[in-house]
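Here's the structure, in structure tokens; my notes come after.
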Amino acid sequence: MPVPRMYKTEGIILRQRRLGEADRILCVYTPTFGKMDVKARGVRKTTSRMSGHLQPLTRCMLQLAQGHVSDVVAGCETLESFQPLRDDLDRLSRALYAAELIDRFVPERTHSFPTYRLLVETLRRLAEAEELDQTLRFFEMRLLDQCGFRPELEVCAGCGMRLEAVDNFFAPISGGAVCRACGGGGMGARTLSLNALKVLRLLQHGSYNDAMRVRTEGTLGREVENHLRSFIVCVLERDVNAAAFIERLRREGAQHAVEA
Amino acid sequence: MNESTPATAAPLARLIDELYKLPGIGPKSAQRLAYYLLRMPVAEARALASAIVEMKERVTFCSICQNVTEVDPCRICVDGDRDRTIICVVEEPLDILAIERTQSYRGMHHVLHGAISPIDGIGPEDLKVSELLQRLRSGEVQEIILATNPNLEGEATAMYLTRLLRPLGVRITRLARGLPVGGDLEYADDVTLARALEGRQEIES
């Protein structure tokens with residue numbers, strides 16, 4: 001069915017860039033039309049009635065008019081502003097990381113209700129959760145799953161043999177965990193501890209509440225994070241920009257703690 | 001961008017190519033501007049060209065506040081009448097002009113030349129943050145006004161600077177956020193209205 005000249009959809013603003021004198025191009029992720037770029041006219045002026053509703057990480061109802069190149073925002077209203085994300089740099093940096101992953105993984109104009117719901121739930125969780133990093137790991141694993149890049153964690157991604165309950169290897173290029181025989185030869189494989197494998201499996205199969213029950217502070221958490229990050233970088237064939245900022249905040253936080 | 005065709009003289013095609021590199025200028029606008037410049041009197045075209053060259057050769061960054069200037073330090077930084085205990089931190093040089101237009105601020109400025117945008121890979125190391133920290137070492141500064149834009153990048157920058165500067169013991173303030181003059185309450189978004197309520201002030205009789 002053709003889209004009418006004026007139409008409404010809800011969406012989450014993923015990112016924005018400046019255009020011309022006072023306009024912006026917004027990258028919006030919608031449940032009905034997928035990810036798309038829309039033009040918002042005059043929103044950089046302080047008198048704009050729409051600018052507050054169109055900030056990144058806002059879930060809003062958009063009224064769009066079809067344009068030649070990109071559709072134009074004719075009206076908008078905030079549905080959810082995820083306010084705690086904007087008051088805390090740790091929460092904000094993680095939420096921007098989630099938004100960047102959606103932007104990189106999801107193709108334009110391809111709708112996916114489960115992925116949209118995953119993003120909304122993740123932003124809500126990041127606004128409230130204590131364990132921000134574990135929340136992100138759950139999001140990463142589910143996003144990989146929904147986008148067709150589910151890491152293999154049950155059998156060796158190299159030879160197909162069942163993984164033994166010992167330290168194995170994780171090789172993103174092979175598609176997941178590999179046994180000691182297959183991982184020993186290199187190919188970017190890193191040691192995967194048994195506990196990290198269990199956490200990764202829980203993230204893959206368990207519910208959010210199950211995943212949150214596991215304590216993964218310290219080295220175990222960092223190991224799980226590094227394996228998932230290397231898998232994502234391998235799939236995307238590029239780094240995730242927001243990850244560097246999270247890393248910097250963590251480093252400076254630790255430095256301040258030592259000085260204090 | 002411009003494929004050299006027999007219909008376009010080579011110097012004109014080169015100018016179109018150069019204009020096309022400017023932000024907000026598309027291929028048609030570049031052509032229109034180039035043909036406008038072609039019809040311009042030679043003296044005016046020379047004045048424009050020399051203005052661009054002179055700007056590039058003479059304008060530099062102030063070594064103190066990082067604003068654009070032709071003399072280093074800039075006029076604001078050497079002005080003895082200004083309050084050196086307050087620094088107003090802004091994103092871009094144009095923001096200084098906006099603040100100076102109000103004629104109600106007599107402190108110093110500091111330009112970051114951007115805002116933190118993790119998604120775009122712009123971090124604190126890409127901004128003039130270390131230069132700001134350097135200025136605070138003298139101990140003269142008592143207050144930092146964070147005047148970054150009230151959008152997500154500006155807020156992220158303000159939060160990061162707060163975290164960085166708080167241990168130094170200076171007073172950190174943020175420009176008030178709320179309803180714009182001439183705006184309608186019914187069109188205000190949740191965040192703006194919440195900030196306006198937080199920052200409400202008692203009416204003095």
Side-chain angles (χ1 to χ4, degrees), chain A residues 13-21 23-24 27 43-58 60 76-83 85-90 92-97 99-101 103-104 239-249 252-253 256 259-260, chain B residues 22-26 29 91-92 94-95 98 114-127 129 149-168 174-175 177-198:
Chain A
I13 317 290
L14 297 179
R15 61 199 297 176
Q16 58 182 17
R17 61 178 195 272
R18 292 176 178 190
L19 177 76
E21 192 87 344
D23 306 342
R24 275 204 176 106
C27 179
V43 288
R44 280 160 55 204
K45 293 179 183 168
T46 52
T47 48
S48 167
R49 288 168 172 175
M50 295 197 290
S51 62
H53 300 279
L54 297 175
Q55 288 298 306
L57 306 179
T58 305
C60 53
C76 56
E77 191 181 5
T78 303
L79 296 175
E80 223 172 333
S81 59
F82 307 106
Q83 185 59 36
L85 298 179
R86 292 158 213 282
D87 296 333
D88 182 334
L89 199 52
D90 291 320
L92 179 63
S93 56
R94 269 79 175 174
L96 287 171
Y97 176 84
E100 186 180 349
L101 280 196
D103 186 28
R104 303 260 180 244
D239 280 332
V240 186
N241 288 334
F245 187 59
I246 294 175
E247 206 53 53
R248 187 188 178 107
L249 291 181
E252 289 180 353
H256 286 156
E259 284 168 8
Chain B
L22 298 175
I25 303 287
S29 296
E91 287 181 19
E92 300 292 344
L94 281 174
D95 299 333
I116 293 172
S117 179
I119 290 189
D120 299 310
I122 302 171
E125 64 280 2
D126 301 306
L127 311 179
V129 175
N149 289 334
N151 53 31
L152 197 78
E153 290 85 5
E155 294 295 341
T157 311
M159 281 194 278
Y160 178 78
L161 289 177
T162 306
R163 199 178 264 204
L164 200 66
L165 302 178
R166 189 164 284 152
L168 302 179
R174 178 94 173 99
L175 285 191
R177 288 150 296 175
L179 301 166
V181 174
D184 287 11
L185 202 68
E186 64 174 308
Y187 289 107
D189 60 283
D190 305 358
V191 179
T192 306
L193 210 48
R195 302 278 195 219
L197 277 169
E198 279 170 21

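All chains are named by letter (A, B, ...) in the order of the sequence lines, taking the proteins before the strands, and each is independently numbered beginning at 1.
- Of the charged side-chain nitrogens involved, at least one lies within less than 4.0 Å of a carboxylate oxygen, so that B:Glu125 and A:Arg248 count as a salt-bridged pair.
- The contact between A:Glu252 and chain B is made entirely by side chain atoms (from C-beta outward), counting heavy-atom distances below 4.5 Å.
- If you measure heavy-atom distances from A:Ile246 to chain B, you find no contacts under 4.5 Å at all.
- Here the straight-line distance linking atom CG of B:Asp189 with atom CE of A:Met50 works out to 12.0 Å at 0.5 Å rounding.
- Within the 4.5 angstrom heavy-atom criterion, only side-chain atoms of A:Leu92, from C-beta onward, approach chain B.
- Applying the side chain to side chain contact (heavy atoms under 4.5 Å, CB included) criterion to A:Asp239, with sequence neighbours excluded, gives A:Val233.
- Ranked by non-hydrogen atom pairs under 4.5 Å with chain A, the options B:Pro150, B:Gly123, B:Pro23, B:Pro124 are led by B:Pro124.
- Contact detail for B:Met159 and A:Arg86: the closest heavy-atom pair is CE-O, 3.2 Å.
- Within 6.0 Å of atom CD in A:Gln83, more than 12 heavy atoms from other residues, nucleotides or ligands are found, so the atom counts as buried in its surroundings.
- Heavy-atom pairs under 4.5 Å with chain B peak, among A:Gly253, A:Ala243, A:Ala242, at A:Ala242.
- Contacts with chain B were tallied for A:Leu249, A:Asp103, A:Leu19; A:Leu249 has the most, counting heavy-atom pairs under 4.5 Å.
- Within the 4.5 angstrom heavy-atom criterion, no atom of B:Ala194 approaches chain A.
- In this structure, CD1 in B:Ile116 is found 7.0 Å from CG in A:Leu89, a value given to the nearest 0.5 Å.
- With a threshold of 4.5 angstrom between heavy atoms, A:Asp87 approaches chain B through its backbone and through its side chain.
- In this structure, the side chain to side chain contact (heavy atoms under 4.5 Å, CB included) partners of B:Ser117, at least two apart in sequence or on a different chain, are B:Asp120, B:Ile122, B:Glu153.
- Looking at A:Arg17, there are no atoms closer than 4.5 Å to chain B (heavy atoms on both sides), in backbone or side chain.
- The distance from atom CD of A:Gln16 to atom CD1 of B:Ile119, rounded to the nearest 0.5 Å, is 9.5 Å.
- When all heavy atoms are compared, the tightest approach of A:Arg24 to B:Asn151 is NH2-ND2, 3.5 Å.
- Taking all atoms of both residues into account, the shortest heavy-atom contact from B:Leu152 to A:Gln55 is N-OE1, 3.0 Å.
- Taken to the nearest 0.5 Å, the CZ atom of B:Arg163 stands 4.0 Å off from the CG atom of A:Asp90.
- The side-chain heavy atoms of A:Arg49 and B:Glu186, taken from C-beta on, include no pair separated by under 4.5 Å.
- Taking each heavy atom of B:Val191 and A:Ser81 in turn, the nearest pair found is CG2-CB, 3.7 Å.
- Neither the backbone nor the side chain of B:Arg177 comes within contact range of chain A; no heavy atom of the residue lies under 4.5 Å from a heavy atom of that chain.
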